[in-house]
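Step one of this worksheet: look at the structure below.
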Amino acid sequence: MKFLFALLTGLIVSTCVSADAPPQWETFAVKSSNGLCSAKIEISDKNADDTPSKWQYKLVVSKELTGTDGVTTPKILWDSNYRHNGYSGGQVSNDCEYFVFVDYWYYHDTALVEIYHHSDYRIVTGKQLGINQAPLQKTVSHQLWLKSGFSFIYKNGEADEVAIDTVQGVKRIKL
């Protein structure tokens, strides 16, 4: 009986560990690594609907500016429509020029990396990054491709590339 209980407990725990977290559709904010820039994801229009996945979202990027009086206040630099997938995260570059979201789940032919630059928006797929999806670890409904995370690479103080640490090595994307 103890063996059966241990076996069932193990199955329940392993199922919970491999289950995918549902999307939360929350607004969120992130700061750049130098602390001067911030990016906020806000609801811009609920479209008279109670379903967050149908709402419109906006990305607002601002920079902390210190006035002559020594008071620091945020100044909005740019904003853009934001394609929210229900998960929070992403990074804003130290020069406040880019916001990048890297999806935790692997997608071969759809948005895996989303790059926002003022009103410009582009996606990069797993196929474009050259990820071999066959050996990727599988969860209940997705595949895992990230090893740790990603970071901006700067050239002359400006964001130039994104380096993503994947289970298949570092992949770089030119901004």
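Owing to the predicted nature of the structure, the values given are computational and were not obtained by experimental measurement.
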With distance as the sole test, does [X] use its side chain to make a donor-acceptor pair with the main-chain N or O of [Y] at under 3.5 Å?
| X | Y | value |
| --- | --- | --- |
| W25 | K54 | no |
| Q168 | N132 | yes |
| D49 | T51 | yes |
| S44 | Q56 | yes |

Can you run down the disulfide (SG to SG under 2.5 Å) pairs that involve [range], sequence neighbours left out, and say none if there aren't any?
| range | result |
| --- | --- |
| residues 48-85 | none |
| residues 97-159 | none |
| residues 143-175 | none |
| residues 144-175 | none |

How would you list all residue pairs meeting salt bridge (charged side-chain N to carboxylate O under 4.0 Å, His left out) that involve residues 31-43, not counting sequence neighbours?
K31-E64
So salt bridge (charged side-chain N to carboxylate O under 4.0 Å, His left out) across residues 85-94, not counting sequence neighbours, yields none
Can you sort out the partners of [X] under side chain to side chain donor-acceptor pair (under 3.5 Å), two or more places apart, ordered by chain and number?
| X | value |
| --- | --- |
| E114 | R83, Y116, Y121 |
| H118 | E97 |
| R122 | none |

Is there a side chain to side chain contact (heavy atoms under 4.5 Å, CB included) between L59 and N81? Walk through the geometry before answering.
CA-CA 6 Å; L59 164 67; N81 291 329; over 6 Å; no
For a side chain to side chain contact (heavy atoms under 4.5 Å, CB included) with F150, tell me which candidate from V170, I173, V162 qualifies.
V162
Name the one of L112, V113, V124 that satisfies side chain to side chain contact (heavy atoms under 4.5 Å, CB included) with I164?
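Of all the options given, the one that passes is V113.
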Among pairs that include at least one residue of residues 147-160, which meet side-chain hydrogen bond (donor to acceptor under 3.5 Å, both in side chains), considering only residues two or more places apart or in two chains?
S148-D165, D160-K174
Do the side-chain N and O atoms of S119 and S80 include a donor-acceptor pair separated by under 3.5 angstrom?
no
Measuring from C37:SG to D95:CG, what's the distance to the nearest 0.5 Å?
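C37 SG to D95 CG: 7.0 Å, rounded to 0.5 Å.
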Check: residues 66-76 side-chain donor-acceptor pairs under 3.5 Å, at least two apart:
| from | atom 1 | to | atom 2 | distance (Å) |
| --- | --- | --- | --- | --- |
| T66 | OG1 | T72 | OG1 | 3.1 |
| D69 | OD1 | V71 | N | 3.0 |

Mind checking what makes ring-ring contact (aromatic ring centres under 6.0 Å, His included) contact with Y57, not counting sequence neighbours?
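Y57: ring-ring contact (aromatic ring centres under 6.0 Å, His included) contacts with H84.
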So do the side chains of Y106 and H142 get within less than 4.5 Å of each other, counting heavy atoms only?
no
